[in-house]
Participant: 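What follows is a single structure, and I will ask about it in a moment.
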Amino acid sequence: MEEKPTAVSVNGVVLYIPPLIWGKSGHIQTALYGKMGRVRSPHPYGHRKFITMSDGATSTFDLFEPLAEHCVGDDITMVICPGIANHSEKQYIRTFVDYAQKNGYRCAVLNHLGALPNIELTSPRMFTYGCTWEFGAMVNYIKKTYPLTQLVVVGFSLGGNIVCKYLGETQANQEKVLCCVSVCQGYSALRAQETFMQWDQCRRFYNFLMADNMKKIILSHRQALFGDHVKKPQSLEDTDLSRLYTATSLMQIDDNVMRKFHGYNSLKEYYEEESCMRYLHRIYVPLMLVNAADDPLVHDSLLTIPKSLSEKRENVMFVLPLHGGHLGFFEGSVLFPEPLTWMDKLVVEYANAICQWERNKSQCSDTEQVEADLE
């Protein structure tokens with residue numbers, strides 16, 4: 001019987017060695033990601049696609065064709081979901097896409113609803129913590145447009161929650177999926193909300209910064225979301241806009257605005273239903289969950305979720321380097337980081353390993369069939 005790979009190749013990829021002077025600080029790694037994204041980021045060329053959703057929302061994603069032949073010679077598409085309020089133009093996404101293209105992958109990158117400043121909302125709704133509608137529409141487009149392609153599903157931070165929830169929602173969503181990779185997500189918003197209000201590891205400060213960014217995005221769409229001509233969700237009231245101005249945490253924004261886009265009665269219900277934790281056990285394709293032990297946004301208590309899952313499910317691998325921060329994982333000998341990160345290399349190496357395993361498994365099956373016919 002062909003054994004499933006349990007680790008990617010140890011050719012300088014699995015072992016993460018952070019930059020000597022500052023690389024072991026999760027805060028510096030996180031700050032560099034947040035402020036710069038990446039250094040000397042490339043500019044991959046792609047085409048923007050538009051999909052009209054059933055509620056009138058206009059979803060967009062960017063499509064990038066491969067720049068080389070894949071190592072197994074097959075047509076493979078990476079369907080990628082970025083982090084909170086992110087899109088295909090973010091530097092860390094551009095860097096990853098460019099590297100994946102050069103390794104033979106077609107890439108489709110979701111632009112979260114409302115995240116692109118030059119794309120207006122066409123319905124009174126924007127992206128939320130666990131809504132999979134836009135990601136599902138992008139995947140269906142890829143399956144229909146490229147019927148022979150196989151999929152590698154990739155999610156970063158909030159995007160990791162969305163892709164895992166999407167795969168676990170129904171078995172049909174896992175068709176043509178070779179594997180899934182989630183990087184730096186927190187798995188349970190309900191369990192994370194208390195830790196996000198703590199000053200330990202400066203999480204309360206990060207919470208404030210992310211909330212401030214979310215407020216700016218929401219307010220940039222105030223006419224589409226709160227205008228007098230808009231048919232708003234019944235639970236969304238004008239007073240919620242005034243509460244938004246004074247919000248200092250993501251939880252306040254989620255309670256006053258975000259949960260109401262989908263009609264949840266409480267913040268607890270919203271977090272329970274939108275978190276991927278209750279869907280992870282329904283994922284049967286190879287799944288790699290990546291976190292950093294020094295990620296200041298993800299409390300240690302949340303890491304028991306992927307650890308426990310990987311101990312119970314043979315298709316799940318949990319990767320936990322000591323350093324890397326939140327979506328940092330910069331590499332470099334002493335002071336200056338390299339353009340390509342350990343995270344970029346790890347995801348592509350894992351996908352390559354799974355693709356090779358699938359190819360070998362298929363060849364073994366063909367050989368066994370021939371031998372059976374000869375007998």
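These values consider heavy atoms only, across backbone and side chains, with no hydrogens, waters or symmetry-generated copies. All residue numbers refer to positions in the sequence shown, counting from 1. As the structure is a prediction and not an experimental result, all values here were calculated from the model.
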Participant: Quick one: which of Trp342, Phe329, Phe156 gives a ring pair (Phe, Tyr, Trp, His ring centres under 6.0 Å) with Phe96?
Facilitator: Phe156

Participant: Kindly work out whether a path of hydrophobic side-chain contacts (I/L/V/M/F/W/Y, heavy atoms less than 4.5 Å apart) joins Leu190 to Ile253.
Facilitator: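 Result: yes, single cluster for both.
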
Participant: Strictly distance-based, threshold 3.5 Å: is any side-chain N or O of Asn213 a donor or acceptor partner for the main-chain N or O of Leu209?
Facilitator: no

Participant: Decide yes or no on side-chain contact (heavy atoms from CB on, under 4.5 Å) for Leu327 and Met343, but give the supporting numbers first.
Facilitator: CA-CA 8 Å; Leu327 296 181; Met343 177 184 78; 3.9 Å; yes

Participant: Return yes if a side-chain donor-acceptor contact under 3.5 Å exists between Asn207 and Ser249, otherwise no.
Facilitator: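 No pair is found: no donor N or O on one side chain lies under 3.5 Å from an acceptor on the other.
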
Participant: Taking everything shown except Phe208 itself, do over 12 heavy atoms lie less than 6.0 Å from its CZ?
Facilitator: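 No.
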
Participant: Is it true that a side-chain atom of Asn86 and a backbone atom of Ile84 form a donor plus acceptor pair closer than 3.5 Å?
Facilitator: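 Looks like yes, one N/O pair under 3.5 Å.
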
Participant: Is Asp98 paired with Arg94 through a side-chain N to carboxylate O contact shorter than 4.0 Å?
Facilitator: no

Participant: Looking at Phe135, is its backbone amide N or carbonyl O close enough to the side chain of Thr132 to form a donor-acceptor pair, meaning the two atoms are under 3.5 Å apart?
Facilitator: no

Participant: Would you find a donor on one side and an acceptor on the other, under 3.5 Å apart, between the side chain of Thr122 and the backbone of Thr58?
Facilitator: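 Yes, Thr122 side chain to Thr58 backbone: donor-acceptor pair under 3.5 Å.
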
Participant: How about Arg48 and Asn111: do any of their side-chain heavy atoms sit closer than 4.5 Å?
Facilitator: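 Yes. Closest side-chain heavy atoms under 4.5 Å.
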
Participant: Heavy atoms only: give me the nearest Glu331-Leu340 pair and the separation to one decimal.
Facilitator: OE1-O, 4.3 Å

Participant: Looking only at heavy atoms, what is the nearest atom pair of Ser59 and Leu110, with distance?
Facilitator: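 Minimum heavy-atom contact is OG-CD1, 4.0 Å.
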
Participant: Has Gln174 got a side-chain atom pairing as donor or acceptor with Leu167's backbone, closer than 3.5 angstrom?
Facilitator: yes

Participant: If you measure from the Lys or Arg side-chain nitrogens to the Asp or Glu carboxylate oxygens, is any gap between Glu175 and Lys143 under 4.0 Å?
Facilitator: no

Participant: Does Glu311, at its CD atom, have more than 12 non-hydrogen atoms belonging to other residues, nucleotides or ligands within less than 6.0 Å?
Facilitator: yes

Participant: So Arg313 and Leu287, side-chain contact (heavy atoms from CB on, under 4.5 Å) or not? Walk me through it.
Facilitator: CA-CA 10 Å; Arg313 302 290 300 275; Leu287 172 64; over 6 Å; no

Participant: Kindly give the heavy-atom pair with the smallest separation between Cys276 and Gln185, and that separation in Å.
Facilitator: SG-OE1, 3.2 Å

Participant: Verify whether one side chain among Ser25 and His27 offers a donor that lies under 3.5 Å from an acceptor in the other.
Facilitator: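 Looking only at side-chain atoms, His27 and Ser25 do not form any donor-acceptor pair under 3.5 Å.
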
Participant: Can you give me the closest heavy-atom contact between Pro82 and Val109, atom names plus distance?
Facilitator: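 Answer, listing the atom of Pro82 first, then Val109: CG-CG1, 3.9 Å.
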
Participant: Could you walk me through whether Asn352 and Tyr105 satisfy the side chain to side chain donor-acceptor pair (under 3.5 Å) test, starting with their C-alpha distance in whole Å, then the side-chain angles of each, then the deciding distance to 0.1 Å, before giving a yes or no?
Facilitator: CA-CA 10 Å; Asn352 287 346; Tyr105 292 94; 2.6 Å; yes

Participant: Under a 3.5 Å threshold, yes or no: a donor from one side chain and an acceptor from the other, between Gln356 and Asn360?
Facilitator: yes

Participant: Going by ring pair (Phe, Tyr, Trp, His ring centres under 6.0 Å), His262 matches just one of Phe127, Tyr129, Trp133. Which one?
Facilitator: Trp133

Participant: Could you pull out the closest heavy-atom pair between Gln29 and Gly328, with the gap in Å?
Facilitator: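 Minimum heavy-atom separation between Gln29 and Gly328: OE1-C, 3.5 Å.
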
Participant: Determine whether Val285 and Cys179 make a side-chain contact, defined as any pair of heavy atoms from C-beta on separated by less than 4.5 Å.
Facilitator: no

Participant: Any chance the rings of Tyr45 and His47 have centres within less than 6.0 Å?
Facilitator: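 Distance test on ring centres: under 6.0 Å, yes.
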
Participant: When you check the side-chain N and O atoms of Asp255 and Tyr271, is any donor under 3.5 Å from an acceptor?
Facilitator: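 Absent: no donor and acceptor within the cut-off.
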
Participant: Just checking Lys176: does its NZ atom have more than 12 heavy atoms from other residues, nucleotides or ligands closer to it than 6.0 angstrom?
Facilitator: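 Yes, the 6.0 Å shell around NZ holds more than 12 heavy atoms from other groups.
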
Participant: With the side chain counted from C-beta on, respond yes when Val39 and Phe336 share a heavy-atom pair under 4.5 Å apart, and no when they do not.
Facilitator: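 In short, these two side chains do not touch, never coming nearer than 4.5 Å.
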
Participant: Are Met277 and Tyr284 in one and the same hydrophobic cluster, where Ile, Leu, Val, Met, Phe, Trp and Tyr link if side-chain heavy atoms are under 4.5 Å apart?
Facilitator: no

Participant: Does atom CD of Gln198 have more than 12 heavy-atom neighbours from other groups under 6.0 Å away?
Facilitator: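 Yes, the 6.0 Å shell around CD holds more than 12 heavy atoms from other groups.
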
Participant: So do the side chains of Arg191 and Thr304 get within less than 4.5 Å of each other, counting heavy atoms only?
Facilitator: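 Yes, side chains in contact.
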
Participant: If only atom types and distance count, is the side chain of Thr30 paired as donor or acceptor with the main-chain N or O of Gly325 below 3.5 Å?
Facilitator: no

Participant: Treating Arg359 as the side-chain partner and Val72 as the backbone partner, does any N or O pair qualify as donor plus acceptor under 3.5 Å?
Facilitator: yes

Participant: Applying side chain to side chain contact (heavy atoms under 4.5 Å, CB included) between Thr77 and each of Gln150, Glu65, Arg106, report the one that passes.
Facilitator: Arg106

Participant: Sub-3.5 Å donor-acceptor pair from the side chain of Asp295 to the main-chain atoms of Gly26, do we have one?
Facilitator: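 Such a contact is absent between Asp295 side chain and Gly26 backbone.
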
Participant: Is the Lys NZ or Arg CZ of Lys49 less than 6.0 Å from the centre of Phe61's six-membered ring, within 45° of the axis?
Facilitator: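 Judged by the rule, Lys49 and Phe61 form no cation-pi pair.
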
Participant: Between Ile119 and Leu113, is there a shared hydrophobic cluster once you connect ILVMFWY residues whose side-chain heavy atoms come closer than 4.5 Å?
Facilitator: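 In one cluster: no.
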
Participant: Can you check whether Ile354 reaches Met288 side chain to side chain, under 4.5 Å on heavy atoms?
Facilitator: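 No, too far: nothing below the 4.5 Å cut-off.
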
Participant: Please evaluate residues Thr248 and Arg204 with respect to the criterion side-chain contact (heavy atoms from CB on, under 4.5 Å), reporting the C-alpha separation (whole Å), side-chain torsions for both, the decisive distance (0.1 Å), and the verdict.
Facilitator: CA-CA 9 Å; Thr248 61; Arg204 183 65 182 90; 3.0 Å; yes

Participant: Could you pull out the closest heavy-atom pair between Arg203 and Leu297, with the gap in Å?
Facilitator: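 Distance-wise, the nearest heavy atoms are CD-O, 3.9 Å.
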
Participant: I'd like to know if the side chain of Asn103 reaches the main chain of Ala100, judged simply by a donor and an acceptor atom lying under 3.5 Å from each other, with no hydrogens or angles considered.
Facilitator: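 Checked: no pair found.
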
Participant: Test side-chain contact (heavy atoms from CB on, under 4.5 Å) on Cys180 and Ile283 and set out the steps.
Facilitator: CA-CA 9 Å; Cys180 174; Ile283 300 176; 5.5 Å; no

Participant: Checking side chain to side chain contact (heavy atoms under 4.5 Å, CB included) against Thr128, which of Arg259, Glu274, Lys260 comes through?
Facilitator: Glu274

Participant: Looking at side-chain heavy atoms only, is the closest gap between Asn173 and Val139 below 4.5 Å?
Facilitator: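 Answer no - side chains too far apart.
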
Participant: Is any side-chain heavy atom of Val319 less than 4.5 Å from a side-chain heavy atom of Pro321?
Facilitator: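 Yes, close enough: below the 4.5 Å cut-off.
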
Participant: Got a donor-acceptor contact below 3.5 angstrom from the Thr95 side chain to the Tyr92 backbone?
Facilitator: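 Not a single qualifying donor-acceptor pair exists.
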
Participant: Spell out, yes or no, whether Met251 and Leu241 are grouped together once hydrophobic residues are joined by side-chain heavy atoms under 4.5 Å, including indirect joins.
Facilitator: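 Yes, because Met251 and Leu241 connect within a single hydrophobic cluster, where side-chain heavy atoms sit under 4.5 Å apart.
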
Participant: For the residue pair Ser275 and Ser188, confirm or rule out a side-chain donor-acceptor distance under 3.5 Å.
Facilitator: no

Participant: Check whether Ile76 and Leu67 end up in the same hydrophobic cluster, where Ile, Leu, Val, Met, Phe, Trp and Tyr are linked by side-chain heavy atoms less than 4.5 Å apart.
Facilitator: no

